[in-house]
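Contents: one structure, followed by commentary.
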There are 2 protein chains.
Amino acid sequence: MSSNVRRPYDPAVRRAAVVAAVMAATERLLAGGVSFTELGIKQIAAEVGLARSTFYLYFSSKTELVLRLVEALHSPNWESSEGTPVDLEAITEAYRTGIAFFRERKLVLAAVLEAAAYDPEVGAAWEGYRRKFVQREVGLLRAEQAAGRTPAEVDAQAAAEVIIWGGFQVITHHVTTRGPERDDIIAQELAANQYYGVYRRGVRG
Amino acid sequence: MSSNVRRPYDPAVRRAAVVAAVMAATERLLAGGVSFTELGIKQIAAEVGLARSTFYLYFSSKTELVLRLVEALHSPNWESSEGTPVDLEAITEAYRTGIAFFRERKLVLAAVLEAAAYDPEVGAAWEGYRRKFVQREVGLLRAEQAAGRTPAEVDAQAAAEVIIWGGFQVITHHVTTRGPERDDIIAQELAANQYYGVYRRGVRG
DNA sequence: GTCAAGGTCGGACACCATGTCCGAGTGAAC
DNA sequence: GTTCACTCGGACATGGTGTCCGACCTTGAC
């Protein structure tokens, strides 16, 4: 670390910079209206200013590029389920945040969804991404049930899958195909659906 | 290797028979564990007993084959929204039927979902398929609101999208990745979620 | 039995994408 | 000036799609 002061470029840093440049270039090209499937390595490399063969010095395949894009969708904020209040307003706000998050990354999101459908590796990565949310949801639900606030008849696993899988689909489809005009309304409906449909199922609101 | 399809006199009938044979062969190959993307025209043609070039006498492209597969997912039963009672048991039963329907066709369903993600034409067809359900749901919701049984604050369009888009995702993902063991539980959760989350939102059950 | 026509075969082609490989060039470090 | 790491750019192998066409049946008409 301290011995190579004379080198202007730390190889690892430089490498990371190139990787980031490739990802940025990909997003830029996607912004031009091309779908990820239509996008060839040739075009991506050209956009960064690299030879096509040089691309393969940084990514072993197109699949690996997408896997990096999946990583770019991770947000540290969502990891903890602690301090998550179960009330309608808080849930609505969480959905607003989530929608805004994906809207900012909608091009990458669309590319990932596209690749996840036909590339098993990407599919597994995306599945793992969602699994975290399902598990967190199951935990929250069980806690609510233990506290007697959510009916014990609710199947926590199935309910969590319905909420997360369904919610992801609504958000991703909405964000990748429409403008932000109805973001708030969608957030409210998702939240109300979750709150009255699961957390306070059959309870007067 | 000659065609194993009998030749009825009527050219149109014979043509339809070949088309059907190709679709059946595709499903047969998918049953072998190959994904639709991996499946080449060459293999499909060979499975039917046709030359690859002959395939193109019946389908202009792989896309057209998928579009026919989308059509194969249509069920005449679902078109009418008349006589649909809004009670928890009826909704649960409807979900059970839907899940069973897609489970029987899960290979075709998986192929369609795969292609819809990267082929714009297929994507549009699948989008149209779902749109019918959304519209039907909006109609039902508005009627319930007019009758004063569903809160007026519910945004019918957004709620319908949440229910249909989300429900489709849950059902398709469940059916294409898991066995039938939990079909009933999933149906119950979807139904309860819809009933208490939208139709009788905030009403004691 | 002959013959024309519709339909099929099978392979060649053009095209394009991925991923591999390698010799030649370039620029910074020493 | 030499070395070394990196990059370039193009050739290759491979495999897919969709087109095209001449050589073949098989069928039905006569």
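Letters go in sequence order (proteins before strands), and every chain restarts at 1.
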Worksheet item: Do other residues, nucleotides or ligands put more than 12 heavy atoms under 6.0 Å from A:Arg182 CZ?
Response: yes
Worksheet entry | Whole-Å distance separating the CG atom of B:Leu57 from the C1' atom of D:dC20 | 11 Å
Worksheet item: side-chain contact (heavy atoms from CB on, under 4.5 Å) with A:Val34: which residues, sequence neighbours excluded?
Response: A:Glu38, A:Leu39
Fill in: Distance, rounded to the nearest Å, where A:Ile44 contributes CD1 and C:dT18 contributes C1'
12 Å
Practice prompt. Find the distance A:Lys62:NZ to C:dT20:P and express it as a whole number of Å.
Written response: 15 Å
Discussion item. From CD1 of B:Ile41 over to P of D:dT19, roughly how many Å is that when rounded to an integer?
Written reply: 11 Å
Practice prompt. Report the distance from atom CG of A:Leu65 to atom P of C:dT18, rounded to the nearest whole Å.
Written response: 11 Å
Practice prompt. Would you mind classifying the nucleic acid contact of B:Phe55 as base, sugar-phosphate or nothing, using non-hydrogen atoms under 4.0 angstrom?
Written response: nothing
Item to complete: Would you kindly give the OH-to-C1' distance between A:Tyr58 and C:dT18, to the nearest whole Å?
Response: 20 Å
Discussion item. Is it the case that D:dG18 (base atoms only) and B:Arg52 (side chain only) share a donor and an acceptor within less than 3.5 Å, ignoring hydrogens and angles?
Written reply: yes
Fill in: Integer-rounded Å distance: D:dG9 P and A:Tyr56 OH
17 Å
Worksheet item: Parallel, tilted or perpendicular: which describes the rings of B:Phe133 and B:Tyr129, with under 30° parallel and over 60° perpendicular?
Response: tilted
Item to complete: Kindly say whether, by distance alone, the side chain of A:Ser61 makes a donor-acceptor pair under 3.5 Å with the base of C:dG19?
Response: no
Fill in: Check: A:Glu64 side chain, A:Ser60 main-chain N or O, donor-acceptor pair, under 3.5 Å
yes
Worksheet item: 5'-most contact on DNA chain C: A:Lys42 or A:Ser53, nearest heavy atom basis?
Response: A:Lys42
Discussion item. Can you see whether A:Phe36 has A:Lys62 sitting over its ring - NZ or CZ less than 6.0 Å from the centre and within 45° of the normal?
Written reply: yes
Discussion item. Quick one, A:Arg136 with A:Lys132, criterion side chain to side chain contact (heavy atoms under 4.5 Å, CB included). Give me CA distance, side-chain angles, the key distance, then yes/no.
Written reply: CA-CA 6 Å; A:Arg136 176 172 157 284; A:Lys132 288 183 187 172; over 6 Å; no
Fill in: Nearest-angstrom distance from the residue atom CD of A:Glu38 to P of C:dC16
14 Å
Can you pull every protein N or O that's under 3.5 Å from an N or O on nucleotides 22-24 of chain D?
none

Fill in: A:Arg14 side-chain N/O to D:dT7 phosphate OP1/OP2 under 4.0 Å
yes
Under 3.5 Å, sequence neighbours excluded: what are the donor-acceptor pairs made by side chains of residues 40-50 of chain A?
{"from": "A:Glu47", "atom 1": "OE2", "to": "A:Arg28", "atom 2": "NH1", "distance (Å)": "2.6"}

